[in-house]
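What follows is a set of notes on a single structure, which appears directly below.
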Protein chains: 2
Amino acid sequence: MLEQMSDQPLVQHEPSPETTSSPPRKLKCEQILQGALTVFLEHGYAGTSMDRVAAVAGVSKQTIYSHFQDKQGLFTALIERMMIDRFRVEFGSEPLQGEPAMLLRRLAETFLTKMGDAEFIAFFRLVIAESARFPELAQLYTRTVMQYGYVNLSQYFESHPELHIADPEAMSRIFFGSLGAFILVQEVMHGKQIMAMSEERLIDSLIATVLSQATVGQVGKSH
Amino acid sequence: MLEQMSDQPLVQHEPSPETTSSPPRKLKCEQILQGALTVFLEHGYAGTSMDRVAAVAGVSKQTIYSHFQDKQGLFTALIERMMIDRFRVEFGSEPLQGEPAMLLRRLAETFLTKMGDAEFIAFFRLVIAESARFPELAQLYTRTVMQYGYVNLSQYFESHPELHIADPEAMSRIFFGSLGAFILVQEVMHGKQIMAMSEERLIDSLIATVLSQATVGQVGKSH
DNA sequence: GTCTATATCTAGATAGAC
DNA sequence: GTCTATCTAGATATAGAC
């Protein structure tokens with residue numbers, strides 16, 4: 001088992017300034033979280049042992065228990081931090097603007113790029129996997145990672161009545177839902193090997209579809 | 001821990017006809033699979049112990065090992081059987097037909113009803129959870145549960161050129177992707193408590209969106 | 001604070017009686 | 001074929017040295 005635990009890219013940070021005697025203080029905590037991330041992402045919650053986390057993090061088991069109450073505490077602290085510090089959505093932080101087709105394309109490409117990242121895929125899988133045991137973490141994901149995107153796109157649709165989108169919130173679901181499902185099937189569930197489809201095709205159809213009511217509107221206006 | 005293992009709704013089947021002496025033959029196998037299903041769906045792969053499966057199934061552990069090679073073998077056999085016998089998609093078995101709006105609505109409602117079932121949600125969660133450890137099971141899911149739906153809807157779109165759907169396959173992804181993502185967020189990830197939306201709103205917008213190119217076509221034709 | 005060593009339990013898998 | 005009893009490894013969590 002213990003296969004030569006290859007050097008993890010552990011957070012090395014600044015090596016504790018002046019005094020060489022005092023052992024690092026907050027560094028251990030970061031090491032633990034980094035090690036826990038690696039192991040949890042690969043083996044899931046139940047499949048992860050504290051021994052392994054300690055080994056990968058390069059600390060002793062007791063050190064983990066001095067920083068976190070127990071395995072559950074370590075897991076929830078890790079996942080919460082990941083959501084808030086790493087995966088909180090950025091394109092939801094400020095109002096969207098720009099020409100509709102361009103904006104939607106940029107939004108879709110950003111979304112797919114972010115979700116297509118290998119670490120995010122593993123993270124997404126883990127949150128879903130533990131959504132029965134840790135429902136509040138799944139809901140935190142919804143609030144921190146997804147909700148702003150939905151709300152902001154809805155507001156964009158609302159502020160562009162010329163797009164003739166009858167139900168902005170529902171359309172927002174369709175937009176991000178299509179993209180998220182694409183990642184889920186292609187990447188998380190390894191569907192790309194058996195049901196290939198390029199991102200471009202999906203994005204093109206998605207944009208054309210979302211904006212098609214606008215075309216109807218224009219035709220109507222031209223009368 | 002062992003909390004009074006409340007009576008599971010075990011398969012009791014017919015209690016072995018005539019001869020009372022001979023112990024049931026294939027019954028045990030069904031009992032094992034039913035018990036394994038219950039435990040795996042609730043605790044995931046790593047979180048499930050063979051002891052617990054044996055207890056819930058009402059057989060001894062050794063009986064399990066006489067029917068299945070090991071834990072992996074039991075798990076894969078169970079999941080494969082569930083996909084093929086229980087969740088293989090039916091609305092993919094025969095060509096779709098009917099008036100577009102009606103057909104899509106019926107398709108969407110059937111899809112949401114099937115996926116909204118509590119057992120299916122747990123099953124879906126489990127397949128995703130183990131898609132890293134058992135990628136071939138995730139791919140089997142794609143092939144048996146999803147692919148026919150995609151293909152058949154694509155063919156329907158292709159056979160209805162008046163709908164003006166430029167890329168039937170991509171549109172099929174948008175249709176089922178939106179619905180699947182809805183279930184994922186609302187049910188699997190418990191989003192309905194914090195981001196409520198009725199199925200009707202999603203379906204209405206989805207159908208209007210998918211069919212909007214047809215309206216464009218009709219307006220064009222009317223000239 | 002951090003480590004080594006250990007206590008207690010439960011895991012997957014097997015041996016042998018019937 | 002099925003069950004009871006058991007083996008061995010690895011799990012969470014803690015005790016005590018430094």
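First the proteins, then the strands, lettered A, B, ... as listed; each starts at 1. Computed from a prediction, not measured in an experiment: that's the story for all the values here.
- Across all strands shown, B:S49 has heavy atoms under 4.0 Å from sugar-phosphate atoms exclusively, and none from any base.
- For B:H67, no side-chain nitrogen or oxygen approaches OP1 or OP2 of D:dG1 to under 4.0 Å.
- As a whole-Å value, the separation of B:M50 CE from C:dT10 P is 18 Å.
- The CD atom of A:Q34 sits 4.5 Å away from atom OG1 of A:T38, with the distance rounded to the nearest 0.5 Å.
- Checking each of B:F176, B:F175, B:Y150 against B:F111 for a ring-ring contact (aromatic ring centres under 6.0 Å, His included) leaves exactly one that passes, namely B:F176.
- Contacts of residues 69-78 of chain B with DNA chain C (heavy atom under 4.0 Å): B:D70, B:K71.
- For the pair B:K61 and D:dG1, the criterion of a side-chain N or O lying under 4.0 Å from OP1 or OP2 is not met.
- Using bins of under 30°, 30° to 60° and over 60° for the plane-to-plane angle, the ring pair A:F123/A:F120 lands in the tilted bin.
- Summarising the geometry, the separation between CG on A:D51 and P on C:dA5 is reported as 14 Å, rounded to the nearest angstrom.
- For the pair B:Y65 OH and C:dT14 C1', the interatomic distance rounds to 9 Å; values are reported in whole Å.
- Between A:F134 and A:F75, the ring planes are tilted. Angles from 30° to 60° get that label.
- Residues in residues 168-192 of chain A take part in these side-chain hydrogen bond (donor to acceptor under 3.5 Å, both in side chains) pairs, two or more places apart or across chains: A:R173-B:Q186, A:S178-B:S178, A:Q186-B:R173, A:E187-A:K192.
- Straight-line distance from the CZ atom of A:F68 to the C1' atom of D:dT12: 16 Å, rounded to whole Å.
- Taking OG1 from A:T76 and CD from A:E130, the interatomic distance works out to 12.0 Å, rounded to the nearest 0.5 Å.
- A straight line from CD1 of A:I64 to P of C:dC3 spans 10 Å, rounded to a whole angstrom.
- One finds no side-chain N or O of B:T63 lying less than 4.0 angstrom from the OP1 or OP2 phosphate oxygen of D:dT2.
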